[in-house]
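Worksheet: one structure, shown below.
Counting starts at 1 for both ligands and their atoms, following the listed order. Just so you know, residue 1 is the first one in the sequence shown, and it goes up from there.
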Amino acid sequence: MSKQTKYIFVTGGVLSSLGKGIAAASIATLLKHSGLKVSILKADPYINVDPGTMSPLEHGEVFVTDDGAETDLDLGHYERFLDENLSQDNNFTTGRVYSSVIEKERRGDYLGKTIQVIPHIVGEIVERIKKAGEGKEILIVEIGGTVGDIEGLPFLEAIRALKSEVGRKNAMNIHLTLVPYIKVAGELKTKPTQHSVGELRRIGITPDMIVCRAEMALSRELKDKIAFSCGVERNCVIESQDCQSIYQIPLSFLKQDILTPISEFLGLGELKPNMQNWDSLVKRIIAPTNETTIAFVGKYVDLKESYKSLTESIIHAGATLDAKVNLKWIDSEKIEDENVNELLKDVDGVLVAGGFGERGVNGKILAIKFARENNIPYLGICLGMQLALIEFARNVLKLEDANSVEFNKECKNSIIYLIDSFIDAHGKEQIRTHKSPLGGTMRLGSYSCDVKAGSLLAKIYGNQKHIIERHRHRFEANPQYKTAFEKAGLQISGTSNGLIEVAELKEHKFFIGVQFHPEFTSRLTRPNPTILGFVGASLDNAK
Ligand code: GLN
């Protein structure tokens, strides 16, 4: 029999956006760096089957895993902290749980029983948690939402039941709350924490540890008060103070000796994480030596959460290069012929991120033209790559109507088009139709890309012949134009089974467009080579 996986359940109280995902990822990181086999799971109580269809305005970024699952953005944090590839098993929602229970019911799997929240829905949640923990020593389970939400009840019941099933030393509860500072009183207040723990207890969950999010440090007396009123040990009140970088949190937890009580609860013995490398990267994030400024051209500049992985990947590259990377956010809808020069004249690099729909496309094309003509390092990601090809076709190849069928179905020079079928990340053929591209299937997840020797792509990936990166898009670059592009100096340096994955300019400091999303595989301790290469080129340009 395989060894019992130990569970750490992380719940949140008082309000959302307290950084529960970061706290969970930080604990996971400390345990992994102590040599344990750790994984992490996010259970989301909302009804959408996955966040794939949710607007970035509603839910921030959609994070794509290796196996092509569209998941919650917290999974991105988990991967960036843990440096592990997670899968579709590491995130599920109420919608997913109900659809599989209903599917089983329709199949007759329940042998005529009445299907109810308890035991069937809760049982399905428990099974999914167990599955994500298979083969791991520790599974951290973050429950989305806040204690007291009606939709969260089955999830809380599931962790209550699972804890009592696996017993002592095999599960513990960590509750994250807010300790607000009330200015007029000049005091940090513990009442919301007491109420939220009270709410947890009412449904049968006793927290073993409280993590307090606060603007400032908690005094010893305040921690004692929380310990006393919430019924936890004094060394089990941990603070999570606002700080400059999220990557400081594991170090702050470690300094507060969070691992001693965790180890006692779960019987893990002495834990001594090696955080040396992490520590030196964080020091370079906090006090870097160099500096560069990159124009971030996008559609949702007011909603930076929708580019979370990308902005984090730039921080990773900056940490490795000991550089502060200033992002100059530019709303692509505001870029025009008249102002592009003014907007971009003082930046060291130009980045056009991925996106869907026609809004802001012209501004992005103007930014790309400016970077190409003025020898400014350029990175185009997904849509940013597609538009680089369109810009080149229009302005260099003089194909005036060059476009993507995403924006003009009838255009004669469809530089970006729709292919009829492709092989998905699981090796299955997916059919797409021209008639209903929106309902069509997206190319999602990891694909291998062949790298052309001697190219810029080869250089930034250390001369690897094949690289693996993640995708999330419907449209593809049309190979019919490959020869024309190459003749005019735009080299196709990355391909995957005939599909164009990477294009780059020969006579340029650094100009590359990638169909994949390099940001999804970047980690603090292992920045993505495309991002690192681009930030490095911008840094060189700044000097
Ligand atoms: N809209 C483009 C496509 O679907 C690009 C998508 C993206 O940038 N993620 O192909």
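Between F516 and H471, the angle of the ring planes goes over 60°, which puts this pair in the perpendicular group of the 30/60° scheme. Between Y307 and W329, the ring planes are tilted. Angles from 30° to 60° get that label. Between H77 and F81, the ring-plane angle classifies as perpendicular under the 30° and 60° cut-offs.
T71 is not listed as a side-chain neighbour of N90, based on a closest heavy-atom distance of 4.5 Å or more.
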Output block, N or O contacts of ligand 1, threshold 3.5 Å exclusive:
residue  : atom   : partner : partner atom : Å
ligand 1 : 1 (N)  : G355    : O            : 2.9
ligand 1 : 1 (N)  : E406    : OE1          : 2.7
ligand 1 : 1 (N)  : E406    : OE2          : 3.1
ligand 1 : 4 (O)  : R474    : N            : 2.9
ligand 1 : 8 (O)  : G355    : N            : 2.8
ligand 1 : 8 (O)  : G355    : O            : 3.4
ligand 1 : 8 (O)  : L383    : N            : 3.0
ligand 1 : 9 (N)  : R472    : O            : 2.9
ligand 1 : 9 (N)  : H517    : NE2          : 3.1
ligand 1 : 10 (O) : Q386    : NE2          : 3.1
ligand 1 : 10 (O) : R474    : N            : 3.2
ligand 1 : 10 (O) : F475    : N            : 2.8

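At least one test fails for R80 against the ring of Y78: distance under 6.0 Å to the centre or angle within 45° of the axis.
Ionic pairing of R443 and E476 is present here: one or more N-O contacts between side-chain nitrogen and carboxylate oxygen are shorter than 4.0 angstrom.
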